[in-house]
Amino acid sequence: ALCPRYNGEIGDIVVGRITEVQQKRWKVETNSRLDSVLLLSSINLPGGELRRKSAEDELAMRDYLQEGDLISAEVQSIFSDGAVSLHTRSLKYGKLAQGVLVQVSPSLVKRQKTHFHDLPCGASVILGNNGFIWIYPTPEQKDDEAGGYTANLEPVPLSDREVISRLRNCIMALVTHKIMLFDTSILYCYEASLPHQIKDILKPEVTEEIVLEARQRLLDSEG
């Protein structure tokens, strides 16, 4: 089943994949009808300084981002043809390194004040408004000098990989039952899943049990 396409709105947080390096711009797949665009002028280069981009920067574009790289970004504007223009001008955006991508329907991602969540289970999620969700180990220290383009390629410990796999399966379980995805629904589902093996979460009867428990907690907390 094809996911519904994403229609961008200014200020949305998206996760996307670089598909092409062009002159002064990158093309980015964001589950939209048209490729999104990240202009060279719309990124912070390493060091985080905003400066005019030079010919050297153009030649070095592939050093920052190349085909296949995943990024988090914010929708800056929308072109007249409906294509989305992105920016990564804050240090919380940039290249994504170690983690797992889950693709869901954009309509299931709840709009919130923040789409970056460090969950208490030890992993973090970026809930892209475009339905691309990134699950990754919570960084030990927030590195403000990186400018968002130095990827951490350290091996991810097994314990972190297990948390990430459990979160992924919990998100899939919520999606199966059309439950809106946000930090609380994901966390409640995660906690409900703990008595079960990771691989069993996607068995229909287990999925149903976990999702019912998470849904009930959501109702109780809203009540």
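Values below: all heavy atoms of this structure, side chains included; hydrogens, waters and symmetry mates excluded. Here the structure is a predicted model, which is why all the values come from computation and not from measurement.
- Screening residues 119-138 for salt bridge (Lys or Arg N to Asp or Glu O under 4.0 Å) gives no qualifying pairs among residues at least two apart or on separate chains.
- In this structure, CG on Leu38 lies 6.0 Å from CG on Leu86, to the nearest 0.5 angstrom.
- Thr138 places no side-chain N or O within donor-acceptor distance of the main-chain N or O of Asp118, the cut-off being under 3.5 Å.
- Criterion: ILVMFWY side-chain heavy atoms under 4.5 Å apart, direct or through other members. Under it, Val21 and Tyr64 are part of a common hydrophobic cluster.
- Distance check, rounded to the nearest 0.5 Å: SG of Cys189 to CD of Glu213 gives 9.0 Å.
- Remark: the backbone N or O of Asn31 is paired with a side-chain donor or acceptor of Glu29 at under 3.5 angstrom.
- Between Leu96 and Tyr136 there is no side-chain heavy-atom pair separated by less than 4.5 Å.
- Using a 4.5 Å cut-off between side-chain heavy atoms of Ile, Leu, Val, Met, Phe, Trp and Tyr, Leu39 falls into a hydrophobic cluster with Val37, Phe79.
- Across all their heavy atoms, Thr207 and Ile201 have their closest contact at OG1-O, 2.6 Å.
- A donor-acceptor pair is defined here as one N or O able to donate and one able to accept, closer than 3.5 Å; such a pair exists between the side chain of His115 and the backbone of Leu127.
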What side-chain donor-acceptor pairs closer than 3.5 Å can you find for residues 173-183, not counting sequence neighbours?
{"unit_1": "Thr176", "atom_1": "OG1", "unit_2": "Met172", "atom_2": "O", "d": "2.7"}
{"unit_1": "Asp183", "atom_1": "OD1", "unit_2": "Gln112", "atom_2": "NE2", "d": "3.0"}

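- By the criterion of side-chain heavy atoms lying less than 4.5 angstrom apart, applied directly or through intervening Ile, Leu, Val, Met, Phe, Trp or Tyr residues, Leu194 is not grouped with Leu187; the two fall into different hydrophobic clusters.
- In this structure, Ile43 CD1 and Met61 CE are separated by 7.5 Å, a value rounded to the nearest 0.5 Å.
- Residues passing the side chain to side chain donor-acceptor pair (under 3.5 Å) test with Asp12, sequence neighbours excluded: Tyr6, Arg111.
- For Cys121 against Tyr190, the heavy-atom pair with the smallest separation is CB-CE2, 3.4 Å.
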**Study point:** Residues Arg166, Ser193; criterion side chain to side chain contact (heavy atoms under 4.5 Å, CB included); working and verdict
**Key:** CA-CA 8 Å; Arg166 183 175 289 276; Ser193 81; 3.0 Å; yes
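- Cluster membership check: Leu219 does not share its hydrophobic cluster with Val211, using side-chain heavy-atom separations under 4.5 Å among Ile, Leu, Val, Met, Phe, Trp and Tyr.
- Partners of Glu191 according to the side chain to side chain donor-acceptor pair (under 3.5 Å) rule, which considers only residues two or more places apart in sequence or in another chain, are Arg217.
- A search for salt bridge (Lys or Arg N to Asp or Glu O under 4.0 Å) contacts involving Lys110 returns nothing, not counting sequence neighbours.
- Identified under the salt bridge (Lys or Arg N to Asp or Glu O under 4.0 Å) test for residues 30-44, with sequence neighbours left out: Lys27-Asp35.
- Side chain to side chain, Arg5 and Ser32 fail the donor-acceptor criterion of an N or O pair below 3.5 Å.
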Point to revise | Step-by-step side chain to side chain contact (heavy atoms under 4.5 Å, CB included) determination, Val102 to Ile135 | key: CA-CA 8 Å; Val102 183; Ile135 314 170; 3.8 Å; yes
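- Taking the six-membered ring where tryptophan is involved, the planes of Phe116 and Tyr93 are tilted, since the angle between them lies from 30° to 60°.
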Exercise for review: Show your reasoning for whether side chain to side chain contact (heavy atoms under 4.5 Å, CB included) applies to Leu167 and Ile186.
Suggested key: CA-CA 7 Å; Leu167 276 172; Ile186 293 169; 3.6 Å; yes
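- Counted within 6.0 Å of CG on Asp200, heavy atoms from surrounding residues, nucleotides or ligands total more than 12; the atom is thus considered enclosed.
- Across all their heavy atoms, Ala123 and Ile164 have their closest contact at CB-CG1, 4.2 Å.
- Looking at residues two or more places apart in sequence or on another chain, you find a side chain to side chain contact (heavy atoms under 4.5 Å, CB included) between Glu209 and His196.
- Here Gln22 pairs with Glu20 under the side chain to side chain donor-acceptor pair (under 3.5 Å) rule; sequence neighbours left out.
- Nearest approach of Leu65 to Trp26, heavy atoms of both residues: O-NE1, 2.9 Å.
- Residues forming a side chain to side chain donor-acceptor pair (under 3.5 Å) with Ser36 (at least two apart in sequence, or on another chain): Thr30.
- Around atom CD of Gln23, no more than 12 heavy atoms belonging to other residues, nucleotides or ligands sit under 6.0 Å away.
- Side-chain contact between Val15 and Ile71: absent, with no pair of heavy atoms (C-beta onward) separated by less than 4.5 Å.
- In this structure, Val109 and Val104 approach most closely via the heavy-atom pair CG2-CG2, 4.1 Å.
- Among pairs with a residue in residues 73-82, none fulfils salt bridge (Lys or Arg N to Asp or Glu O under 4.0 Å), at least two apart in sequence or across chains.
- Placement of Ile10 and Leu34 in two distinct hydrophobic clusters is found when ILVMFWY residues are connected by side-chain heavy-atom separations under 4.5 Å, directly or transitively.
- Between Asn129 and Val75, every side-chain heavy-atom pair lies at or beyond the 4.5 Å cut-off.
- Arg17 places no side-chain N or O within donor-acceptor distance of the main-chain N or O of Glu67, the cut-off being under 3.5 Å.
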Exercise for review: Tell me, with the steps shown, if Ser221 and Tyr188 meet side chain to side chain contact (heavy atoms under 4.5 Å, CB included).
Suggested key: CA-CA 11 Å; Ser221 66; Tyr188 286 173; 3.9 Å; yes
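- Without hydrogens or angle criteria, Asp69 side chain to Gln66 main chain gives a donor-acceptor distance under 3.5 Å.
- Placement of Val163 and Leu158 in two distinct hydrophobic clusters is found when ILVMFWY residues are connected by side-chain heavy-atom separations under 4.5 Å, directly or transitively.
- Under the 4.5 Å side-chain criterion, counting only non-hydrogen atoms from C-beta, Phe132 is in contact with Gln103.
- No side-chain heavy atom of Lys24 sits under 4.5 Å from any side-chain heavy atom of Ser41.
- With sequence neighbours left out, the side chain to side chain contact (heavy atoms under 4.5 Å, CB included) criterion links Pro155 to no other residue.
- Closest heavy-atom contact between Ile126 and Ser72: CD1-CB, 4.0 Å.
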